[in-house]
Amino acid sequence: MKIFLATGNKNKIEEIKKIFSMENTEILSIKDGIDIPEVVEDGNTFEENSKKKALEIAKFTNMITIADDSGICVEALNGAPGVYSARYAGEHATDEENNKKLIANLQGIENRKAKFVCVITLAKPTGETYSFTGEVHGEIIDEPRGEYGFGYDPYFYIEEYGQTTAEMKDLKNQISHRARALAELKKNIDEILK
Ligand code: IMP
């Protein structure tokens, strides 16, 4: 069976492919030369955006499609950047610019609690959608650590492992918000596809 992965983020494609590999399933993405239209992420929640992306692209490709909407929520910033994580410092902001803004906004603030959230939606071209959420808790540190991952990973420290998610080589794909949401989808996939 073929499942299309609706994301333009190459880091996410790599992570999801590693986590979601299943027998008899081929995961296709823009990396296989299939162009997809840009979906406007105008929802107020990760779930709304994730569903919208999955559904629009499932209809466009006529394939069962998985989409991810994810981001970081910082307690002391009332959950910001949240759904705006990718464009926290502006519409086409780089990871570096987003991180810089986050660290600046946390100067002098003691509460560094944060969580990564991911909502994975599987959509069928016929319009049904199935969404699953995963979270991982940690704290924001001022100095970057680690060279793996992407986005906010170098600043997201998890005490239990003594590492940022950018210092984790294989561990991130076992414990991340994305891994947890995908594990829930995997648990339910037979039922969804029957
Ligand atoms: P999306 O493509 O709209 O879902 O944007 C998600 C944004 O949240 C990314 O651009 C990153 O900035 C951030 N993000 C999501 N997942 C992760 C992760 O696993 N590590 C670091 N940053 C992440």
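In listed order, ligands and their atoms are each counted from 1. Residue numbers count from 1 along this sequence.
- Scored by the side chain to side chain donor-acceptor pair (under 3.5 Å) test, Y88 finds N105 as partners (sequence neighbours excluded).
- Sorted by chain then number, the residues whose non-hydrogen atoms approach ligand 1 to under 4.0 Å are K12, E41, K53, D68, D69, S70, G71, S85, A86, F116, F150, G151, Y152, D153, K172, H177, R178.
- When atom types are taken as modelled, the side chain of T65 and the backbone of A54 share no donor-acceptor pair closer than 3.5 angstrom.
- Here the CG atom belonging to N11 is positioned 9.0 Å from the CZ atom belonging to R178, to the nearest 0.5 angstrom.
- Considering only residues two or more places apart in sequence or on other chains, E26 meets the side chain to side chain donor-acceptor pair (under 3.5 Å) condition with none of them.
- Applying the side chain to side chain donor-acceptor pair (under 3.5 Å) rule to E75 yields the partners N111; only residues at least two apart in sequence or on another chain are considered.
- L193 and I27 fall within the same hydrophobic cluster, defined by Ile, Leu, Val, Met, Phe, Trp and Tyr side-chain heavy atoms under 4.5 Å apart, directly or through other members.
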